[in-house]
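A short write-up of the structure that comes next.
Bear in mind that the values here come from a model prediction, so they are computed numbers and not experimental data.
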Amino acid sequence: MAGRWLNLHWALSVLCVLLMAETVSGTRGSSTGAHISPRFPASGVNQTPVIDCRKVCGLNVSDRCDFIRTNPDCHSDGGYLDYLEGIFCHFPPSLLPLAVTLYVSWLLYLFLILGVTAAKFFCPNLSAISTTLKLSHNVAGVTFLAFGNGAPDIFSALVAFSDPHTAGLALGALFGAGVLVTTVVAGGITILHPFMAASRPFFRDIIFYMVAVFLTFLMLFRGRVTLAWALGYLGLYVFYVVTVILCTWIYRRQRRGSLFCPMPVTPGDEYRPLFFYQETTAQILVRALNPLDYMKWRRKSAYWKALKVFKLPVEFLLLLTVPVVDPDKDDRNWKRPLNCLHLVISPLVVVLTLQSGTYGVYEIGGLVPVWVVVVIAGTALASVTFFATSDSQPPRLHWLFAFLGFLTSALWINAAATEVVNILRSLGVVFRLSNTVLGLTLLAWGNSIGDAFSDFTLARQGYPRMAFSACFGGIIFNILVGVGLGCLLQISRSHTEVKLEPDGLLVWVLAGALGLSLVFSLVSVPLQCFQLSRVYGFCLLLFYLNFLVVALLTEFGVIHLKSM
């Protein structure tokens with residue numbers, strides 16, 4: 001979930017594909033009602049139009065590498081690897097199947113990285129933060145989890161709203177992600193772990209969500225966003241968060257207890273060794289960095305062992321870089337040598353994953369890179385912590401490591417998911433997939449991978465209510481903050497209102513599908529007496545499949561408005 005923090009390369013990947021979709025819609029003419037215009041680089045309209053990157057497969061083999069390197073439509077500023085250049089410049093044409101096989105294998109391993117990071121690092125730290133702050137599952141879902149889930153969509157909106165021609169496309173991307181999360185992800189949660197939904201939080205979230213969708217409908221109809229409108233979006237989200245906190249406080253006071261179900265408490269004796277002995281600092285460090293439980297290894301199946309072998313490098317790297325706080329343990333998972341290393345390594349990971357490391361190598365005053373300053377500061381803090389604490393007792397501020405682990409694991413998820421999106425886009429170019437299919441399927445799924453892994457993991461671990469709240473709270477965050485902040489920044493730069501040019505009928509189909517999905521949940525959940533079953537989950541999945549068919553038919557012009 002939170003996987004996904006301040007990383008603009010998410011936005012650039014999304015925007016690149018959305019711009020490609022504009023060309024495809026233009027070739028279909030009036031069938032979709034899309035605006036037809038040639039695409040030029042931002043530096044001027046007198047330059048050569050940008051060519052669709054998928055045309056590379058129709059060129060001579062000798063010309064493909066130059067086309068990939070010179071065509072702006074093939075460039076991806078996000079991520080650490082240029083997958084298109086790797087296919088067309090570093091692999092000979094005869095080895096194209098090998099390149100695709102390697103890319104698919106790396107894609108599957110990235111999925112494994114996402115799953116391990118969400119299950120063993122992100123979600124435990126989120127639970128620790130919720131326990132430390134004494135937050136209910138609903139409050140945690142609409143704040144921390146929503147912020148972590150929504151970061152990629154927020155920054156894609158910030159970039160898209162910088163150009164009036166792509167502002168409508170940003171809305172389409174937000175609507176598409178909203179339909180996916182509120183149907184596929186929410187339905188998957190109920191299929192994995194049927195549960196009793198809290199009635200008042202459900203009504204509160206879905207009503208706010210419907211208000212946000214209605215406001216966006218009005219904004220699309222008006223075709224412009226003023227300063228007051230943008231501030232109204234941000235104010236509505238602040239009001240939503242305050243309402244969540246206030247409702248939780250009132251309900252707690254009425255019940256004189258906690259709103260959320262208590263975390264499962266594991267007896268502390270389970271973590272106490274049978275024989276007490278004093279471990280050295282080196283022994284503590286080695287044991288803390290060991291991702292393999294030998295007792296579990298002996299009783300597990302061969303399939304589990306094979307999967308564990310693939311996980312070991314990932315788990316070791318994450319143990320080294322991401323601190324985890326466990327309130328259920330007596331020592332709260334305090335490992336002095338490893339936690340001191342985290343004070344150096346975790347901030348370094350943060351600066352090297354923001355903007356794919358661009359911020360980390362930036363030189364302050366043209367002399368010292370940012371990563372060097374981070375290492376020096378982290379080393380000083382780690383030294384003070386090491387000599388001021390003991391191995392046996394966690395320090396008073398140990399809970400702060402949960403926030404550091406939350407941030408670091410979220411950025412690991414963000415970095416891995418960014419590579420997933422870039423690989424998917426590269427495979428779309430190789431196989432000449434339609435931009436519509438790429439945007440509505442592969443790209444949408446890629447953007448929601450982190451959400452799905454985090455929410456499904458929470459559901460399997462016994463917190464379906466928190467995950468379900470994040471589905472609604474996260475998309476409320478995306479729409480209100482994404483549109484509001486994106487338009488506000490553009491208005492502050494241009495000192496004028498933001499003009500919207502929705503890309504034909506498809507945006508209205510997306511918005512209508514999102515509204516219908518909310519109405520379906522608003523009606524069906526009370527009819528089930530708020531006991532969400534697997535049938536409800538499968539109905540949501542069926543709704544998404546129908547939406548996908550209608551959206552594809554609309555994009556291809558089969559469904560269109562009659563010309564007047």
Side-chain angles (χ1 to χ4, degrees), residues 141-142 145-146 149-150 153 170-192 194-195 197-199 201-220 240 439-441 443-445 447-449 451-452 455-456 459 464-465 467-480 482-483 502 505-528 530-555 559:
V142 301
L145 201 56
N149 285 347
D153 300 302
L171 294 174
L174 292 175
F175 281 140
V179 176
L180 182 66
V181 172
T182 55
T183 55
V184 175
V185 178
I189 291 170
T190 58
I191 292 173
L192 288 173
F195 67 101
S199 58
F202 171 78
F203 280 123
R204 178 199 62 219
D205 291 348
I206 204 166
I207 288 174
F208 268 97
Y209 198 177
M210 295 180 74
V211 170
V213 173
F214 177 73
L215 289 177
T216 309
F217 259 104
L218 291 180
M219 186 177 64
L220 285 171
Y240 168 68
L440 291 178
T441 57
L443 185 61
W445 298 336
N447 280 340
S448 301
I449 284 173
D451 295 7
D455 292 338
F456 291 164
R465 183 176 294 180
F468 193 75
S469 296
C471 291
F472 291 95
I475 305 301
I476 294 173
F477 177 87
N478 290 350
I479 291 183
L480 294 180
V483 175
L505 182 61
L506 182 59
V507 172
W508 297 101
V509 171
L510 290 171
L514 181 55
L516 287 176
S517 70
L518 296 178
V519 172
F520 172 75
S521 293
L522 181 62
V523 174
S524 62
V525 171
L527 290 178
Q528 302 174 73
F530 299 93
Q531 182 63 49
L532 303 186
S533 63
R534 289 188 173 90
V535 174
Y536 169 70
F538 283 116
C539 288
L540 289 178
L541 297 183
L542 182 62
F543 180 93
Y544 181 75
L545 291 177
N546 291 328
F547 151 74
L548 199 60
V549 170
V550 173
L552 291 175
L553 293 177
T554 302
E555 183 68 13
I559 299 176

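In this structure the side chain of Ile206 never reaches within 4.5 angstrom of the side chain of Val525, judged on heavy atoms. No side-chain heavy atom of Asp455 sits under 4.5 Å from any side-chain heavy atom of Phe468. Put simply, the side chain of Cys539 reaches to within 4.5 Å of the side chain of Phe520, judged on heavy atoms. For the pair Asn546 and Val550, the minimum side-chain heavy-atom distance is 4.5 Å or more. Side-chain contact between Val184 and Leu541 is present, with heavy atoms from C-beta onward closer than 4.5 Å. A heavy-atom distance below 4.5 Å is found between the side chains of Phe203 and Pro526. Counting heavy atoms from C-beta outward, Leu548 and Thr183 have side chains that stay 4.5 Å or more apart. The side-chain heavy atoms of Val535 and Gln528, taken from C-beta on, include no pair separated by under 4.5 Å.
Using a 30° and 60° split on the angle between ring planes, Phe202 and Phe530 fall in the perpendicular class, above 60°.
Taking every heavy atom of both residues into account, Leu527 and Val523 meet most closely at CG-O, 3.2 Å. Minimum interatomic distance between Ala197 and Arg465 (heavy atoms only, all atoms of both residues): C-NH2, 4.4 Å. In plain terms, the two heavy atoms of Thr190 and Gly537 that are nearest each other are OG1-CA, 3.1 Å. When every heavy atom of Phe195 is checked against every heavy atom of Pro464, the shortest pair comes out as CD2-CB, 3.5 Å. Scanning both residues, Leu522 and Met210, for their nearest heavy atoms gives CD2-SD, 3.8 Å. Contact detail for Tyr536 and Ser524: the closest heavy-atom pair is CE1-OG, 3.4 Å.
At distances below 3.5 Å, not a single donor-acceptor pair connects side-chain atoms of Ser521 with backbone N or O atoms of Leu518.
Under the 6.0 Å cut-off for aromatic ring centres, Phe214 and Phe217 do not qualify, their centroids lying 6.0 Å or more apart.
For the atom pair OH (Tyr240) and CG (Leu480), the distance works out to 9.5 Å, reported to the nearest 0.5 Å. Between the CG atom in Leu516 and the CZ atom in Phe547 there is a gap of 11.0 Å [rounded to 0.5 Å].
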Exercise for review: Could you walk me through whether Leu532 and Leu540 pass side chain to side chain contact (heavy atoms under 4.5 Å, CB included), step by step?
Suggested key: CA-CA 12 Å; Leu532 303 186; Leu540 289 178; over 6 Å; no
